[in-house]
S.K.: 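I'd like to ask you about the structure that follows.
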Amino acid sequence: MKAIRRFTVRTVLPEPLLPLEELILNLRWSWHHETLDLFRSVDPALWETVRHDPVRLLGEVGPARLQRLAADRRFLRQLNDTAEDLREYLTADRWYQTLDDAPKAIAYFSPEYGITAALPQYSGGLGILAGDHLKTASDLGVPIIGVGLLYRHGYFSQSLSPDGWQLERYPPIDPNGLPLTLLRETDGTPVRVRIGLPQGHDLHAHVWLARVGRVPQLLLDSDVEENDQAGRDITDRLYGGGGDHRLLQEMLLGIGGVRAIRAYCRITGHPAPEVFHTNEGHAGYLGLERIRELVSEHGLSFDEALEATRAGTVFTTHTPVPAGIDRFPRELVRKYFGGANEEPEVPAERILELGAETYPEGDPAVFNMAVMGMRLAQRVNGVSTLHGQVSREMFGGLWGGFDTAEVPVGSVTNGVHAGTWVAREILDLAAREVPSLLHGEGWEGVRRVPGQEIWRIRRLLRARLVEEARRRLRESWKHRGASEAEISWIDDALDPDVLTIGFARRVPSYKRLTLMMHDPERLRALLLDPERPVQIVIAGKAHPADEGGKRLIQDIVRFADSEDVRHRIVFLPDYDMALGQALVQGCDVWLNNPLRPLEACGTSGMKAALNGGLNLSIRDGWWDEWYDGQNGWAIPSADGLAGPDRRDALESAALYELVADHVSVMFYDRDASGLPRRWLEMVKHTIATLGPKVLASRMLRDYVQRYYVPAARSGRAMAADDHAGARSLAAWKQRIVKAWPTVAVEHVESTGEASPHVGTSLPVRVVVDLGGLDPSDVAVEVAYGRVDDTDALIDPSYLELSGGEPVEEGRLRYVGEVPLARSGAFGYSVRVVPRHAMLAGPAEMGLVTLPPAPHGMTNGNLR
């Protein structure tokens, strides 16, 4: 008989053990090994049974055991020391507290978070990155408030059918069985967040609070009695459903999230956020709520509130493909924001304008969440240098008239949280041999670590992965219907002394799960090589609606099921953080072979590198900027050179050749003491050179210094003197937009030698008609530099011209001297752009006036 209701009964702890609850309710335990040691000592066997989930541990440990622990002086001393260490961690000043003028608080919105496998609120890289962002903020003392949704069924648990087809199930999650507490008013009643829906309905949500070290994380939950069943199901599962369901999730995340923050700050006294960071477009509606607040509470107009909101908003895009962006029918958005549900402060038509694809090849019938996110944020970034370039090309139409290089989308390359992803043995070795690494310094000292110590730990981690892989493989085969007799071979599957390659990720087609199988016989030969065998551990989930991705999984599973190779290649279902940790720690090589440039960043290879693994990857994402020829292997990419099938053939052939002739040769090349010296030197070089780059502490410092601090300054400038800055900028922009069609470059001329020499300069004079604008409203610039065969400027430099002297009929003359600093083909052009102290850059408004034709220009060869 099945239970009709499921809930969690929490244990009552003896008084001496009360600090255990304090430790469990702060998720620092997920990356703090001493706290995990304490939990393990409560009941070592039970700790393994509950898969290292401390909430489940306390729920299942017996009263007699708790009473013994309450009288165990050694355990109590360890417990109190650990609790005191947590309190010191939560209160002591850290890096952020040394900064001047930094924002008092930052709100960070994400649809998913990978904090720990015990809190299954993530599906893949976006959530794992968000989790690492919060943990690193805690370690550095950055005052972030995380905001997300609480999904009652998480993403999904993956298993395989007998024929290798992905199966999904959604086990129920009881928040009371998670390390969460309900946010309550001072009188003890639960906080209710409410957002308006059409036809006079409201959507209600509770707010659950997780403590991620120093960082509060607010998770909204619509499964409350005030909602009908459809409303309760809005937060049922991550990325479940579509259309109305997805839109309502994003309304709750963005609008409800801002309201949850306001309640949290009011109740706790936490400083209100000065900066709002949107991790992908899913939370974009937060900007609408902030506009509504400013209009209703401060009397600003929509345009004035828009400027105030934009100034303090950071938007991070994670997708390099248009298909990865949430786009809704415009009429669906109108349904939820218009009609009787329309709020006068935020008119539906203005909302629709924010998400409109008003660029060439845009679809006028859709509402684009990423486009809205960019229009609501003054600062936008991608997640690697290459992804920043791809994003500038992808979204360049929003800033038409500007060269791609000037599109205001920057980049902060992702990083990973070492405490979460680096094996304890590696951390202990670093603390013993290179203690300065604990303070983020002295990475070159890794080169002095004894090779035999690194090799010993690498073998230990590989063996641990093999053990975990066998356990999961056994569970999977049983679920597929195999008997014990049929799975006895699993006892010998994989080998702790064989070169181990890891490949794990989500399974969209562009990540090419099955590229390694392009030539099955070549793959089989690598796996079964009698001298230099290779083994591959694979994991990944396809979206439940992605039939193509499921077929890729089935193809790899069927190959891995073959009796001759199943001891050398395995697919492990239900890829989660726990399996991810085992993989990045235990694999010798991390394989990544996406279609370049469709991998935004890809952080798993960073985690492997910190654990002494080497990367074997297409030069995409982070690997494109940090591969140096000695820290792994780059698979040659045929992007732009061949069709899809030919490209797969070329790149898979390169992959096989690299593994056979380079990777495995170096791994198995041992000296007299049995050590692969060249391999170990490459490992040391990888850790020494990549270590300081791939850490999330570097990433978050970049965000703070390049995005959060400037955004806070801009926001303060807008808000000062009853938002005088926002009012002034909005009025100025309206004036500029109205006059801009009449701004014109009337005449351009230059004088000087017909064939000038390097080191001289080129005088340039420009006559412009400002259409009634004041000279202080614009900058007249000359763009100059090398040109290609079509006279297009390559990486131009810019010089602002001076003067603005009146000439005939209200026109103005500007002059300047263009330096000729290099020889070769050279060219220049001029432009007029808006200028205002509160703009983040010349391209912000997407307005530029160019000469009507390249008359008067000098093109030539410089000597």
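Computed from a prediction, not measured in an experiment: that's the story for all the values here.
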S.K.: Side chain to side chain donor-acceptor pair (under 3.5 Å) between Asp139 and His417: does it pass, once the steps are laid out?
M.R.: CA-CA 10 Å; Asp139 290 342; His417 184 252; 2.7 Å; yes
S.K.: With respect to Ile457, which candidate in Asn611, Leu429, Asp428 satisfies the side chain to side chain contact (heavy atoms under 4.5 Å, CB included) definition?
M.R.: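 Answer to the side chain to side chain contact (heavy atoms under 4.5 Å, CB included) test with Ile457 among Asn611, Leu429, Asp428: Leu429.
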S.K.: When you measure from the side chain of Thr319 to the backbone of Val321, do you find a donor-acceptor pair of N or O atoms at a distance under 3.5 Å?
M.R.: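 Such a contact is found between Thr319 side chain and Val321 backbone.
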S.K.: Name the one of Thr500, Ile501, Val534 that satisfies side chain to side chain contact (heavy atoms under 4.5 Å, CB included) with Val589?
M.R.: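 Exactly one pass, corresponding to Ile501.
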S.K.: Please check: side-chain N/O of Gln158 versus main-chain N/O of Gly540, any donor-acceptor pairing under 3.5 Å?
M.R.: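 Side chain of Gln158 to backbone of Gly540, a donor-acceptor pair under 3.5 Å: yes, one is there.
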S.K.: Between Ser436 and Glu441, is there a donor-acceptor pair closer than 3.5 Å when you use the side chain of the first and the backbone of the second?
M.R.: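 Indeed, once roles are kept as given, a pair shorter than 3.5 Å links the two residues.
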S.K.: Between Leu695 and Ala418, which heavy-atom pair has the shortest distance, and what is it?
M.R.: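 So the two residues come closest at CD2-CB, 3.7 Å.
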S.K.: Quick one: does any side-chain atom of Asp326 pair with a main-chain N or O of Met369 as donor and acceptor, under 3.5 Å?
M.R.: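 Between the backbone of Met369 and the side chain of Asp326 there is no qualifying donor-acceptor contact (under 3.5 Å).
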S.K.: Let me confirm one number: the CG-CG distance from Asp519 to Leu655, rounded to the nearest 0.5 Å.
M.R.: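 Going from the CG atom of Asp519 to the CG atom of Leu655 covers 11.0 Å.
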S.K.: Using 0.5 Å steps for rounding, measure from the NE2 atom of His387 to the CD atom of Glu599.
M.R.: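 Taking NE2 in His387 and CD in Glu599, the distance rounds to 10.0 Å.
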S.K.: Do Lys541 and Tyr155 come within less than 4.5 Å of each other through their side chains, counting heavy atoms only?
M.R.: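 Answer yes - side chains close enough.
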S.K.: Quick one, Trp399 and Thr404 - any side-chain contact, counting heavy atoms below 4.5 Å?
M.R.: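 No, too far: nothing below the 4.5 Å cut-off.
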S.K.: Which atom names give the shortest non-hydrogen contact between Leu499 and Tyr668, and what distance separates them?
M.R.: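 Heavy-atom minimum between the residues: N-OH, 3.0 Å.
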S.K.: Which distance, rounded to the nearest 0.5 Å, do you find between the CZ of Phe503 and the CD1 of Ile536?
M.R.: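 Result: 10.0 Å between the selected atoms.
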S.K.: Just do the side chain to side chain donor-acceptor pair (under 3.5 Å) check on Glu651 and Asn593 with the steps written out, would you?
M.R.: CA-CA 9 Å; Glu651 294 182 8; Asn593 47 232; over 6 Å; no
S.K.: Would you sort out whether Arg464 and Glu425 count as a salt bridge (charged side-chain N to carboxylate O under 4.0 Å, His left out), showing the intermediate values?
M.R.: CA-CA 12 Å; Arg464 185 181 297 160; Glu425 291 80 2; 2.5 Å; yes
S.K.: On a heavy-atom basis, which atom in Tyr239 and which in Leu126 lie closest, and how many Å separate them?
M.R.: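 Distance-wise, the nearest heavy atoms are OH-CD2, 3.6 Å.
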S.K.: How about Glu467: does its CD atom have over 12 heavy atoms from other parts shown lying under 6.0 Å from it?
M.R.: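 Count not over threshold, so no.
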S.K.: Counting only heavy atoms not in Asp795 (residues, nucleotides, ligands), do more than 12 fall under 6.0 Å from its CG?
M.R.: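 No, the 6.0 Å shell around CG holds no more than 12 heavy atoms from other groups.
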S.K.: With a distance cut-off below 6.0 Å to the six-membered ring centre and an angular limit of 45° from the axis, does Arg462 pair with Trp455 as a cation-pi contact?
M.R.: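 Judged by the rule (NZ or CZ under 6.0 Å from the ring centre, within 45° of its axis), Arg462 counts as positioned above Trp455.
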S.K.: Return yes if some donor-acceptor pair links the side-chain N/O of Lys135 with the main-chain N/O of Val212 below 3.5 Å, else return no.
M.R.: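 Here the side-chain-to-backbone pair does not exist.
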S.K.: What's the separation between atom OG1 in Thr136 and atom CH2 in Trp31, rounded to the nearest 0.5 Å?
M.R.: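 Here the interatomic distance stands at 8.5 Å.
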S.K.: Using the rule given for side-chain contact (heavy atoms from CB on, under 4.5 Å), can you reason through Leu614 versus Trp679, listing the C-alpha separation, both sets of side-chain angles and the distance that settles it, and then say yes or no?
M.R.: CA-CA 9 Å; Leu614 301 176; Trp679 182 276; 3.8 Å; yes
S.K.: Ignoring hydrogens and angles, tell me if any N or O in the side chain of Arg596 forms a donor-acceptor pair with the backbone of Arg619 under 3.5 Å.
M.R.: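 A pair under 3.5 Å: yes.
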S.K.: Output, in order, the C-alpha distance, side-chain angles, deciding distance and verdict of side chain to side chain donor-acceptor pair (under 3.5 Å) for His567 and Asp495.
M.R.: CA-CA 8 Å; His567 64 299; Asp495 184 325; over 6 Å; no
S.K.: Do Arg448 and Glu433 meet the salt-bridge criterion of a basic N to acidic O distance under 4.0 Å?
M.R.: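 No salt bridge links Glu433 with Arg448.
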S.K.: With the side chain counted from C-beta on, respond yes when Asp132 and Trp421 share a heavy-atom pair under 4.5 Å apart, and no when they do not.
M.R.: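 Touching, per the 4.5 Å side-chain cut-off.
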S.K.: Would you call Glu453 and Arg456 a salt bridge, using N to O less than 4.0 angstrom?
M.R.: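 Here Glu453 pairs with Arg456 in a salt bridge, since their nearest N and O are under 4.0 Å apart.
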S.K.: Donor-acceptor check, side chain of Thr514 to backbone of Met517, threshold 3.5 angstrom: yes or no?
M.R.: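 No.
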S.K.: A side-chain contact here means heavy atoms from C-beta on lying under 4.5 Å apart; do Leu473 and Leu494 qualify?
M.R.: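 They are not in contact (no side-chain heavy atoms under 4.5 Å apart), so the answer is no.
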S.K.: Check whether more than 12 heavy atoms from other residues, nucleotides or ligands sit under 6.0 Å from atom CD of Glu547, and answer yes or no.
M.R.: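 Counting other residues, nucleotides and ligands, CD of Glu547 exceeds 12 neighbours.
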S.K.: Can you check side chain to side chain donor-acceptor pair (under 3.5 Å) on Asn615 and Ser617, steps first, answer last?
M.R.: CA-CA 6 Å; Asn615 278 267; Ser617 177; 5.7 Å; no
S.K.: Assess the residue pair Glu625 and Ser384 against the criterion (side-chain contact (heavy atoms from CB on, under 4.5 Å)); give the C-alpha distance rounded to whole Å, side-chain angles, the decisive distance to 0.1 Å, and a yes or no.
M.R.: CA-CA 8 Å; Glu625 63 193 274; Ser384 68; 3.6 Å; yes
S.K.: When rounded to the nearest 0.5 angstrom, what is the spacing between CD1 in Ile128 and OG in Ser604?
M.R.: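 Ile128 atom CD1 to Ser604 atom OG measures 8.5 Å (nearest 0.5 Å).
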S.K.: Quick test of your reading of the model: are Asp576 and Arg472 salt-bridged, counting only N-O distances below 4.0 Å?
M.R.: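 Yes, charged N to carboxylate O under 4.0 Å.
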S.K.: Would you mind reporting whether Arg698 and Arg701 have side-chain heavy atoms less than 4.5 Å apart?
M.R.: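 Heavy-atom side-chain distance check fails, nothing below 4.5 Å.
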S.K.: Is it the case that the side chain of Thr278 and the backbone of Glu280 share a donor-acceptor pair, with hydrogens and angles ignored and the cut-off at 3.5 Å?
M.R.: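 No; zero donor-acceptor contacts below 3.5 Å.
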S.K.: Heavy atoms only: give me the nearest Pro676-Phe667 pair and the separation to one decimal.
M.R.: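 The pair with the smallest heavy-atom distance is CB-O, 3.5 Å.
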S.K.: Is a donor from one side chain sitting under 3.5 angstrom from an acceptor on the other, for Asp628 and His685?
M.R.: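 Result is yes, a qualifying pair exists.
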S.K.: Whether the Asn381 and Thr316 side chains hold a donor-acceptor pair (N or O, under 3.5 Å, no angle test) is what I'd like checked.
M.R.: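 Yes, because at least one side-chain N or O of Asn381 sits under 3.5 Å from a partner of the opposite role on Thr316.
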S.K.: Any ion pair linking Arg677 and Asp669 (charged N to carboxylate O, less than 4.0 Å)?
M.R.: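 Result for this pair is no, no salt bridge flagged.
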S.K.: Nearest 0.5 angstrom please: Met606 CE to Trp623 CH2, how far?
M.R.: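 Going from the CE atom of Met606 to the CH2 atom of Trp623 covers 11.0 Å.
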S.K.: Determine yes or no for a side-chain-to-main-chain donor-acceptor pair under 3.5 angstrom, with Gln166 supplying the side chain and Ala542 the backbone.
M.R.: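 Looks like yes, one N/O pair under 3.5 Å.
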S.K.: Can you tell me if Tyr656 uses its side chain to pair, donor with acceptor, with the backbone of Met516 under 3.5 Å?
M.R.: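 Side chain of Tyr656 to backbone of Met516, a donor-acceptor pair under 3.5 Å: yes, one is there.
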S.K.: Show the nearest heavy-atom pair for residues Arg505 and Asn592, with the distance to one decimal.
M.R.: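 Heavy atoms only, the tightest pair is NH2-OD1, 3.0 Å.
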S.K.: So, for Ile325 and Ala370, which heavy atoms are closest and what is the spacing to 0.1 Å?
M.R.: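 Minimum heavy-atom separation between Ile325 and Ala370: CG2-CB, 3.7 Å.
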S.K.: Can you say whether the rings of Tyr108 and His277 are parallel (under 30°), tilted (30 to 60°) or perpendicular (over 60°)?
M.R.: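 Tyr108 and His277: perpendicular rings.
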S.K.: Side-chain contact test, heavy atoms from C-beta onward, threshold under 4.5 Å: evaluate it for Arg379 versus Val275 and give yes or no.
M.R.: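 Not touching, per the 4.5 Å side-chain cut-off.
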S.K.: Can you list the steps and then say if Leu591 with Ile635 is a side-chain contact (heavy atoms from CB on, under 4.5 Å)?
M.R.: CA-CA 10 Å; Leu591 174 62; Ile635 304 169; 4.0 Å; yes
S.K.: With heavy-atom distances below 4.5 Å as the criterion, would you say the side chains of Val709 and Val704 are in contact?
M.R.: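 Answer yes - side chains close enough.
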S.K.: Apply the test side-chain contact (heavy atoms from CB on, under 4.5 Å) to residues Arg568 and Val498: give CA-CA distance (whole Å), side-chain angles for both, the deciding distance (0.1 Å), then the verdict.
M.R.: CA-CA 9 Å; Arg568 286 280 185 261; Val498 165; 4.2 Å; yes
S.K.: For the residue pair Arg459 and Asp497, establish whether any side-chain heavy-atom pair is separated by less than 4.5 Å.
M.R.: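 Side-chain contact under 4.5 Å: yes.
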S.K.: Check whether NZ of the Lys or CZ of the Arg Arg706 lies under 6.0 Å from the centre of the six-membered ring of Tyr708 and within 45 degrees of that ring's axis.
M.R.: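 Not flagged: Arg706 not positioned over aromatic ring of Tyr708.
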